[in-house]
Amino acid sequence: VRKGDNKSMGAAVFDLGELLGARGGTKAKKLRGGGVLHAHVRKSKGSGVLRLQLQGQKLKNTEGFLRKSDPFFELSRRVDAAGAMTWDNVVKSDVVMDNLSPSWKEIAVELSILCAGEKD
């Protein structure tokens, strides 16, 4: 794998309702290739903003023997495109260089971007 190529380290889907209902607004999911992804969410009242913080733990190294991966995450929304459900990326995090247990900064996403303003 060449430096700069994005190779998947794994994927996880978190249900926002389950996250909000979880103790402390935090859940963790094991990734198939190894490692754990933690998600933390806070309910924001009246502002129409989702605040989210993610942390990885012992993620899979996809860079090879002498290097470490540069993880990032993407948030996607489900879109009905011509009768078929697809995923559309709406946010990409900063890349954390050479780190298999990254902590990303909290991000704020307008609900109008994430779910077209439909809060139900």
Side-chain angles (χ1 to χ4, degrees):
V1 177
R2 291 187 326 237
K3 200 71 165 168
D5 288 349
N6 293 329
K7 187 172 180 185
S8 177
M9 298 172 76
V13 175
F14 290 91
D15 181 271
L16 189 54
E18 288 179 14
L19 264 173
L20 287 169
R23 185 176 178 171
T26 303
K27 290 192 77 124
K29 291 198 177 187
K30 289 185 177 183
L31 299 177
R32 203 176 295 156
V36 178
L37 187 63
H38 298 266
H40 174 77
V41 66
R42 290 185 293 153
K43 188 172 185 176
S44 182
K45 296 182 180 180
S47 66
V49 174
L50 170 71
R51 296 188 180 283
L52 179 70
Q53 183 172 12
L54 293 175
Q55 174 184 23
Q57 187 176 36
K58 298 179 184 174
L59 299 176
K60 179 180 178 183
N61 186 12
T62 61
E63 289 290 326
F65 179 65
L66 297 175
R67 297 186 293 212
K68 289 184 183 172
S69 297
D70 305 326
F72 62 90
F73 68 86
E74 295 176 330
L75 292 181
S76 303
R77 68 176 172 190
R78 203 162 73 166
V79 178
D80 184 0
M85 297 307 278
T86 62
W87 293 93
D88 184 23
N89 289 340
V90 293
V91 175
K92 180 180 175 184
S93 73
D94 292 334
V95 174
V96 179
M97 302 299 291
D98 299 320
N99 192 334
L100 300 180
S101 293
S103 289
W104 288 276
K105 297 177 197 171
E106 179 180 275
I107 62 168
V109 183
E110 293 285 334
L111 291 180
S112 61
I113 293 170
L114 194 57
C115 57
E118 294 180 33
K119 298 177 185 175
D120 295 330

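Computed from heavy atoms alone, side chains included, the values below leave out hydrogens, waters and symmetry copies.
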Within this structure, what is the [atom1]-[atom2] distance for the pair [X] and [Y], rounded to the nearest 0.5 Å?
X    : Y   : atom1 : atom2 : value
S103 : Q55 : OG    : CD    : 4.0 Å
F14  : H38 : CZ    : NE2   : 8.5 Å
L100 : K60 : CG    : NZ    : 12.0 Å

Please set out all donor-acceptor pairs under 3.5 angstrom arising from side-chain atoms of residues 17-28, sequence neighbours excluded.
| from | atom 1 | to | atom 2 | distance (Å) |
| --- | --- | --- | --- | --- |
| T26 | OG1 | G24 | O | 3.2 |
| T26 | OG1 | H40 | ND1 | 2.8 |

Residue pair V96, D70: steps toward the side-chain contact (heavy atoms from CB on, under 4.5 Å) verdict: CA-CA 5 Å; V96 179; D70 305 326; over 6 Å; no
Contact summary for [X] and [Y], nearest pair of heavy atoms:
X   : Y    : answer
K68 : D98  : O-OD1, 3.2 Å
L37 : W104 : CD1-CZ3, 4.2 Å
N61 : R67  : ND2-O, 2.7 Å

Side-chain (K58) to main-chain (V36) donor-acceptor, under 3.5 angstrom: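 Checked: no pair found.
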Main-chain N/O of T62 paired to S69 side chain as donor or acceptor, under 3.5 Å: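 Here the side-chain-to-backbone pair exists.
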Contacts of type salt bridge (charged side-chain N to carboxylate O under 4.0 Å, His left out), residue D15, not counting sequence neighbours: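 Listed in chain order: nothing, the list is empty.
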Beyond-backbone contact of N89 with L75, side-chain heavy atoms, under 4.5 angstrom: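 When only atoms from C-beta onward are counted, L75 and N89 do not touch, as no gap falls below 4.5 Å.
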Side-chain heavy-atom pair I107, K105 within 4.5 angstrom cut-off: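 Result no, sub-4.5 Å side-chain heavy-atom pair not found.
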Pi-cation contact, F73 with K92 (under 6.0 Å, within 45°):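 No, K92 does not sit over the ring of F73.
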